[in-house]
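As a basis for the values below, the full set of heavy atoms in this structure was taken, side chains included, without hydrogen atoms, waters or symmetry mates. Counting starts at 1 for both ligands and their atoms, in listed order.
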Amino acid sequence: MKPFYMTTPLYYVNDRPHLGTAYATISVDTLVRFHKLFGEEVCLLTGTDEHGQKIEQAAKKRGLEPQVHCDELSEKFKSVWSELNVDFDIFYRTTDDFHKKAVQKALKDLFDKGEIYKTSYEGWYSVSEEIFYTEKDLVDGKSPEGREVTKVQETNYFFKMSQYQKQLIAHIEAHPNFIQPNSRRNEVLGFLRQPLNDLCISRPKERLNWGITIPFDEDYVTYVWFDALLNYAVAQGFNRPGMEDHFSKWWNNAEVRHLVGKDILTTHAVYWTTMLMALGVKLPDQIFATGWILNKDQGKMSKSHGDIMDPLDMKKVFGLDGLRFLLVRDVHLGNDAPFSMDSAILRLNSDLANNLGNLLSRSTNLVAKFFDGKKPACGDEEFVKNLKSLGKELPEKVEGLVRQMKPSFALEEIMAFLSETNKYLEDRAPWKMIKEDQKTTGEVLANALEALRIASTLLFPVMPDSMTELLKRIGFEKIDFESSKKWDVIPAGSTVLKGDPLFPRLEVQTT
Ligand code: MSP
């Protein structure tokens with residue numbers, strides 16, 4: 001099986017992490033953990049994007065040297081992701097020395113190959129997006145995203161992006177999964193129906209100092225997107241002497257997926273892919289565009305709108321795994337999603353406190369009470385047939401949905417299976433049955449524990465801490481995908497532990 005390499009975008013250090021960026025990061029963490037559960041070798045990259053005008057301005061506003069500002073904010077991202085249990089393998093910073101060298105080498109190679117030329121230029125620049133627009137791109141004097149633009153007239157270096165237009169269209173058409181979801185793929189193809197411009201890849205130092213010097217002209221720094229996009233490949237060894245084998249394994253022979261927000265799809269689907277074509281490097285397997293977490297007014301939650309929610313505050317309210325669960329369960333990857341406290345609380349109460357939590361406490365309490373805390377044998381209880389076949393099908397169903405980038409639907413399936421298990425328990429009512437038939441009662445409870453084992457193994461990528469605890473309580477400590485495909489795995493006689501509710505009920509706030 002190919003190694004699996006997945007990336008988040010590199011976050012601008014003009015802002016602290018917020019619920020929107022936490023959503024992207026937790027989504028990738030969950031997907032990567034799923035692939036690890038399926039038995040693949042995995043690598044998760046996240047990090048910070050630290051050059052450009054926007055960051056220079058943010059540092060200036062704080063009266064700090066840009067590097068000092070970047071060091072602080074980058075550390076903040078790293079620590080928040082760790083607090084959210086994001087298991088990243090690489091935390092990438094674009095101000096690291098090896099990155100600068102690799103970017104300069106890429107520029108020099110392209111320049112030597114005649115892929116870069118110098119010309120005078122006039123256009124409109126959006127600092128908040130770090131993107132150039134032409135006059136005809138503007139909508140009511142602003143960028144298509146509604147951001148302020150300023151007129152810029154200067155001599156710059158350009159990458160001959162336009163000459164890759166046909167090749168890019170052909171690649172997208174030949175690889176239906178390359179850009180996903182389909183609606184976004186169509187948007188990119190629509191964009192490529194218009195003539196493609198060349199890409200301005202430099203900024204004169206007299207206007208912007210905070211960037212990587214262009215290796216063939218000391219008076220310029222590199223355009224921040226050209227610099228930042230290269231991270232994905234440089235992280236795995238591209239243009240890094242001595243890392244050729246690593247690069248071959250983790251780029252050329254890996255499944256490479258980028259998760260990006262819909263607002264930065266063009267930079268990835270068009271700039272990045274044409275850069276790779278010019279550099280003669282393999283394209284990623286997939287660029288998947290997510291929607292946004294929306295604020296109260298249905299706009300993108302972001303610093304510029306001043307309405308951000310702090311993920312660490314949310315962690316205090318929902319618990320770490322509650323927050324992680326919410327972000328994966330209630331947002332279909334690719335769609336926008338409003339965030340409301342009330343619906344979040346309802347969701348956690350119904351799925352985790354009631355459905356999963358009640359099943360766990362009922363089964364462990366009854367095993368403690370009637371079977372001295374030892375798991376009874378599954379035996380041949382006859383009414384479990386349907387539940388058992390649902391359980392055995394579940395891991396494959398979940399795997400299929402995750403591979404299609406549909407983790408919210410995978411969670412829906414797991415929750416439906418847990419509801420079936422609760423129903424089975426209600427129907428068989430072991431709390432009554434114990435009076436007349438101890439053997440069957442034990443079998444019913446053992447079956448409930450088996451169902452919990454399957455469900456919690458499959459929920460592990462979303463809620464690693466609480467599922468580890470849950471598995472421990474039901475007497476099975478391994479996180480093992482293969483055994484989640486089987487029934488009757490926890491050895492009879494294993495110790496089953498009662499405990500406090502893993503997911504306490506939350507009160508809906510009345511305001
Ligand atoms: N630095 C660039 C990306 C460079 S990748 C080589 C950038 N950074 S960003 O910090 O502005 O945004 C990073 C990602 O966070 C984007 O994919 C963006 O869509 C995502 N999000 C920012 N706010 C968000 C929401 N409210 N909801 C969901 N995703 C959000 O762009």
* Could you tell me the residue and atom name of the protein heavy atom closest to atom 11 (O) of ligand 1, and the distance to it rounded to 0.1 Å? => Tyr12 CD1, 3.3 Å
* Just distances here: any N/O of Val260 and N/O of ligand 1 closer than 3.5 Å? -> no
* CD/Glu72: more than 12 non-hydrogen atoms of other groups inside 6.0 Å -> yes
* Starting from atom 3 (C) of ligand 1, which protein heavy atom do you reach first, and at what distance in Å? -> Leu10 O, 3.2 Å
* Examine ligand 1 and decide if any of its atoms is less than 4.0 Å from a heavy atom belonging to Glu129. => no
* Look at ligand 1 and say whether Trp225 reaches it with a heavy atom at a distance under 4.0 Å. => yes
* Kindly identify the option in Leu19, Leu229, Asp263 whose heavy atom sits closest to atom 18 (C) of ligand 1. => Asp263
* Asked: Of Lys205, Arg203, Arg207, which is the lone residue that meets salt bridge (charged side-chain N to carboxylate O under 4.0 Å, His left out) with Glu154?
  -> Arg207
* Looking only at protein heavy atoms, which one is nearest to atom 27 (N) of ligand 1, and how far off is it? -> Ile293 N, 2.8 Å
* **Taking atom 29 (N) of ligand 1 as the reference point, the nearest protein heavy atom with its distance** => Gly20 O, 3.5 Å
* Taking it one step at a time, do Asn186 and Ser183 satisfy side chain to side chain donor-acceptor pair (under 3.5 Å)? -> CA-CA 5 Å; Asn186 291 337; Ser183 55; over 6 Å; no
* Does atom NZ of Lys108 have more than 12 heavy-atom neighbours, drawn from other residues, nucleotides or ligands, at distances under 6.0 Å? -> no
* Test applied, ring-ring contact (aromatic ring centres under 6.0 Å, His included); reference residue, His258; option that passes from Tyr232, Phe288, Phe178 -> Tyr232
* Any protein heavy atom nearer than 4.0 Å to atom 6 (C) of ligand 1 -> yes
* Is it true that the side chains of Tyr223 and Asn156 contain a donor and an acceptor less than 3.5 Å apart? -> no
* Atoms in ligand 1 flagged as close to Tyr232, the criterion being non-hydrogen separation under 4.0 Å -> 5 (S), 6 (C)
* To do: Supply the atom-to-atom distance Asp49 CG to Asp227 CG, rounded to the nearest 0.5 angstrom.
  => 6.5 Å
* Among Arg93, His69, His99, the one residue meeting side-chain hydrogen bond (donor to acceptor under 3.5 Å, both in side chains) with Glu50 -> Arg93
* Structure fact -> Quick note on ligand 1: atoms under 4.0 Å from a heavy atom of His268 include exactly 5 (S)
* Hey, is Arg33 close enough to Asp29 for a salt bridge, meaning N to O under 4.0 Å? -> yes
* To do: Specify the protein heavy atom at minimum distance from atom 31 (O) of ligand 1: its residue, its atom name, and the distance to 0.1 Å.
  => Ile264 CG2, 3.4 Å
* Asked: Is the shortest distance from a heavy atom of Glu130 to ligand 1 less than 4.0 Å?
  -> no
* To do: Taking only heavy atoms of Gly291 into account, list the atoms of ligand 1 that are under 4.0 Å away from them.
  => 28 (C)
* Closest protein heavy atom to atom 17 (O) of ligand 1, given as residue, atom name and distance to 0.1 Å -> Gly261 N, 2.7 Å
* Considering non-hydrogen atoms only, spot the tightest contact between Ser408 and Arg329 and give its length. => CB-O, 3.6 Å
* Asked: Nearest to atom 12 (O) of ligand 1, what protein heavy atom do you find, and at what distance?
  -> Tyr11 CD2, 4.3 Å
* Looking at Arg403 and Glu40, does any basic side-chain N land under 4.0 Å from a carboxylate oxygen? -> yes
* If you look at every heavy atom in Asp198 and Ser162, which pair is closest and at what distance? -> OD1-OG, 2.6 Å
* Asked: What part of Asp49, side chain, backbone, both or neither, has a heavy atom within less than 4.0 angstrom of ligand 1?
  -> side chain
* To do: Heavy-atom contacts with Thr21 under 4.0 Å: which atoms of ligand 1 show up? List them by number with element.
  => 15 (O)
* Specify the protein heavy atom at minimum distance from atom 22 (C) of ligand 1: its residue, its atom name, and the distance to 0.1 Å. => Lys300 CE, 3.6 Å
